[in-house]
Amino acid sequence: MRISLIQLDIAFGNPAMNYAAVAQKISEAASAAPDCLILPELWTTGYDLTRLEDIGDPEGEITKEFISSLAKQYSINIIAGSVASRNDTGVTNRMYVFNRSGELVGQYSKLHLFQLMDEHLYLQPGEAKGLFTLDETLCAGLICYDIRFPEWVRAHTAQGAEILFVCAEWPLSRVSHWRALLISRAIENQCYVVACNRAGSDPANIFAGHSMIIDPWGDIVCEASEEEQILTGEIDLHQVREIRKQIPIFSDRRPELYN
Ligand SMILES: NC(=O)CCC(=O)C(=O)O
């Protein structure tokens with residue numbers, strides 16, 4: 001499976017500019033004929049949290065229509081990062097997933113809100129897992145701060161997820177955590193981790209870039225720099241099954257003693 005990660009520099013609070021940039025990047029990425037493509041966290045608005053009631057996407061409908069038609073046009077599965085999806089009760093930080101036919105096959109709302117970036121003041125947390133199937137592979141979607149919660153990640157891999165797709169706006173000041181946490185999640189869950197961060201900066205943060213694909217042994221398949229970039233790498237799902245056979249952590253678990 002070939003996967004492209006769109007490490008975008010997001011225009012702060014400017015959905016029109018970001019939709020145009022993403023359409024352009026997806027058309028560029030399509031030339032590498034990926035099976036799957038992923039965008040960063042909150043890519044339509046960035047962290048312009050105080051204006052989400054205005055610039056958030058009503059029920060995600062604009063984004064869903066936009067991504068669905070690109071997925072169909074290029075016949076690529078698209079993990080549409082996340083967007084601020086608003087309704088009468090508030091705004092959630094929500095990932096939408098489309099298959100090659102342009103059908104919505106999954107959605108996930110960020111479960112853990114990151115207080116250091118004021119998410120708890122403007123966003124509502126999700127309540128459900130982010131499992132979905134792409135090309136017959138069970139996958140999980142996670143959003144940024146979620147990677148600090150190994151028990152949440154395990155809840156997905158214990159159900160059989162073989163690829164973790166992570167979208168993020170992770171600042172440069174904690175890039176060492178970003179890399180270490182992603183590698184750890186890959187090793188301890190014996191799965192691929194595909195993590196797409198943003199590049200550039202906003203009024204509050206400089207972001208880390210360093211999007212990456214990590215294999216189930218914890219080795220890095222490919223890694224971006226700090227700059228805006230389309231990163232493409234290949235994964236081999238046989239490796240997940242081989243490593244899970246060699247070191248059978250899922251059947252060796254003792255969950256009855258963990259609480
Ligand atoms: N957007 C986020 O969730 C950022 C999380 C983060 O920076 C962290 O250190 O955790």
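All values below come from the heavy atoms of this structure, side chains included, with hydrogens, waters and symmetry mates left out. From a predicted model like this one, the values you see are computed outputs, not experimental measurements. Start at 1 and go down the list; that is how both ligands and their atoms are numbered.
Ring pair Tyr19/Trp43: centre-to-centre distance below 6.0 Å.
Atoms OH and CZ, on Tyr108 and Phe132 in that order, are 11.5 Å from each other to the nearest 0.5 Å.
Applying the 4.0 Å criterion to heavy atoms of Pro171 picks out, from ligand 1, the atoms 7 (O). Using a 4.0 Å cut-off to heavy atoms of Glu41, the atoms of ligand 1 that qualify are 1 (N), 2 (C).
Under a 4.0 Å heavy-atom criterion, Arg174 is in contact with ligand 1. Put simply, part of Lys110 is less than 4.0 Å from ligand 1, judged by heavy atoms.
The residue among Trp178, Phe114, Phe149, Tyr145 with a heavy atom at the shortest distance from atom 6 (C) of ligand 1 is Phe114.
Looking only at protein heavy atoms, the nearest one to atom 10 (O) of ligand 1 is Arg148 NE, 2.7 Å. The protein heavy-atom contact nearest to atom 2 (C) of ligand 1 is Cys144 SG, 2.9 Å.
Each of Glu169, Glu228, Glu226 was evaluated against Arg198; a single residue qualifies, Glu169, per the salt bridge (charged side-chain N to carboxylate O under 4.0 Å, His left out) test.
Under 3.5 Å, the side chains of Glu223 and His210 contain a donor-acceptor pair of N or O atoms. Judged by distance alone, the side chains of Asn77 and Asp135 do bring a donor and an acceptor atom under 3.5 Å apart. Counting only N and O atoms by type, the side chains of Tyr192 and Gln239 include a donor and acceptor under 3.5 Å apart.
Within the 4.0 Å heavy-atom criterion, neither part of His177 lies near ligand 1.
Using the six-membered ring where Trp is involved, Tyr96 and Phe98 have ring planes that are tilted, between 30° and 60° apart.
Below 3.5 Å of separation, one finds an N or O of Tyr47 facing an N or O of ligand 1.
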